[in-house]
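Contents: one structure, followed by commentary.
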There are 2 protein chains.
Amino acid sequence: MADRLTPAGTRILAAASTLFYEQGIRTVGVDAIAAAAEVTKKTLYDRFGSKDRLIAAYLEHRNRVWHEFLDEQLVLRAPQTAEDVVLALFGALTDWLAGSRNGCGFINASVELAAPDHPAMPVIVGQKQWMRSEFEAQARLAGMADPGELADRLLLLHEGALVSYRVAAMTNATEVAARAAADLLAGWPRLDG
Amino acid sequence: MADRLTPAGTRILAAASTLFYEQGIRTVGVDAIAAAAEVTKKTLYDRFGSKDRLIAAYLEHRNRVWHEFLDEQLVLRAPQTAEDVVLALFGALTDWLAGSRNGCGFINASVELAAPDHPAMPVIVGQKQWMRSEFEAQARLAGMADPGELADRLLLLHEGALVSYRVAAMTNATEVAARAAADLLAGWPRLDG
DNA sequence: GACAGTATACCGACCGGTGTGGTTACTTTC
DNA sequence: GAAAGTAACCACACCGGTCGGTATACTGTC
């Protein structure tokens, strides 16, 4: 988990993160990453072993950054109820995507890697399932009926926004998702009548 | 549009379609396609000019197949109202995805190609916007208020299902989307009270 | 003396794409 | 109805470039 990185290792991971996200994993070669990090390819392979493992490290790093961003946003938005927490998550998505243009790095990676046994796949699926479990936990806290179904639907809106933003050129996708989520929560049956 | 294909051309397009969808566009080389179509690489280039143009032809072909599938499904499901047409579209999605495992070929292509000026990009964006316009048209027919907003939300559910099915390993994604769409339509305000 | 790093050269495999030359089969023209 | 033309195809060899990854040798530092 908390494997300490050498200075050069940190630079490599930072360079890989921006390049992989901005230009795509397959497009970016290891030479380009090494050059951007001002490091020799030897050092890159000493630190990360292979491109595949560097990809996995990139996604783990991106996942950490995403979580930190969410924590920060939740402090900022200070939601009072569990429903508000969910809506804050959708609100945070708009800010996260602002000026990104390439959508979700995890979805992109999943498509680009394709192979189900790729070392980075667990990170990708894990990220999505964490989002779902967060929705479900908040739904349960809010006393919603069938929190599993509600979480599924919220995840659909979440992922739909990410992909429509990128693929369908729907610039307001996250706002639409936020409105849909708000209506969904408002109309959802609760356990205590 | 209706450029007639030679026998070999047809075989090439068929081979490219399955290989591109099943293994990814970047992964599959032109040699593999030529071999699968039992054709020389020369013939492939005589027919399609470049890999990029073959990719565009693949997506146009896939779009045609998708439309034919939808027409067929709409006849089969024989929806009576405009709402039922929308629900039939979501129902068709389940059948379309059954045994596919790789999700939406257009989303995948959009991620794999990345370059916004790629000749295949208009086909991708066009496919998504066609879906949205279809939702909007049916919403308008059904006398729904704000059909644009409704279409946006339906598209989000649609795309969310496609991507969650593949990326989040959510096997029942299309059924969830169908239920969500049904509830959304049922609760949506209409123009005539 | 172990570790992190630089510099550079190299590897085999594969990639998209081209060029040459030859074969079949159908159609046009005198 | 034979010759000429043409479109579709095959076989095969070849190109420059890029890819992920390795090897070797040397430097600085705790």
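In what follows, chains are A, B, ... by sequence order, proteins preceding strands, each numbered from 1. Keep in mind that this is a model prediction, so the values were computed, not measured.
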Without decimals, in angstroms, what is the distance between [X] [atom1] and [N] [atom2]?
X: A:Asp31; N: C:dC10; atom1: CG; atom2: P; value: 16 Å
X: B:Ile33; N: C:dG17; atom1: CD1; atom2: C1'; value: 13 Å
X: A:Leu44; N: C:dA7; atom1: CG; atom2: P; value: 15 Å
X: A:Lys41; N: C:dA9; atom1: NZ; atom2: C1'; value: 11 Å
X: B:His118; N: C:dG16; atom1: NE2; atom2: C1'; value: 12 Å
X: A:Tyr45; N: C:dC3; atom1: OH; atom2: C1'; value: 21 Å
X: B:Arg26; N: C:dC14; atom1: CZ; atom2: C1'; value: 14 Å
X: A:Arg47; N: C:dT6; atom1: CZ; atom2: P; value: 10 Å

Within the structure shown, what part of the strands sits under 4.0 Å from [X] by heavy-atom distance: base, sugar-phosphate, or nothing?
X: B:Thr40; value: base
X: B:Thr6; value: sugar-phosphate
X: B:Arg11; value: sugar-phosphate

* **Residues in ring-ring contact (aromatic ring centres under 6.0 Å, His included) contact with A:Phe48, at least two apart in sequence or another chain** => none

* Would you say the side chains of B:Asp71 and B:His67 form a donor-acceptor pair under 3.5 Å? -> no

* How about B:Val167 and A:Phe106: do any of their side-chain heavy atoms sit closer than 4.5 Å? -> no

* Side-chain heavy atoms of A:His118 within contact of A:Ile55, under 4.5 Å -> yes

* Asked: For B:Ala36, which residues count as a side-chain contact (heavy atoms from CB on, under 4.5 Å) partner, sequence neighbours excluded?
  -> B:Ala15, B:Leu19

* Closest to the A:Lys42 side chain, choosing from C:dT20, C:dG17, C:dT6 -> C:dT6

* Below 4.0 angstrom, N of the basic side chain to O of the carboxylate: do B:Arg140 and B:Glu136 qualify? -> yes

* Asked: Would A:Arg153 and B:Asp183 pass as an ion pair if we require N to O under 4.0 Å?
  -> yes

* First contact, last contact: which nucleotides of DNA chain D are these for chain B, 5' to 3', heavy-atom distance under 4.0 Å? -> D:dA8 to D:dA11

* Asked: At under 4.0 Å, does any side-chain N or O of B:Ser50 touch on OP1 or OP2 of C:dG16?
  -> no

* So which one's nearest nucleotide on DNA chain C is more toward 5', A:Gly9 or B:Lys51? -> A:Gly9

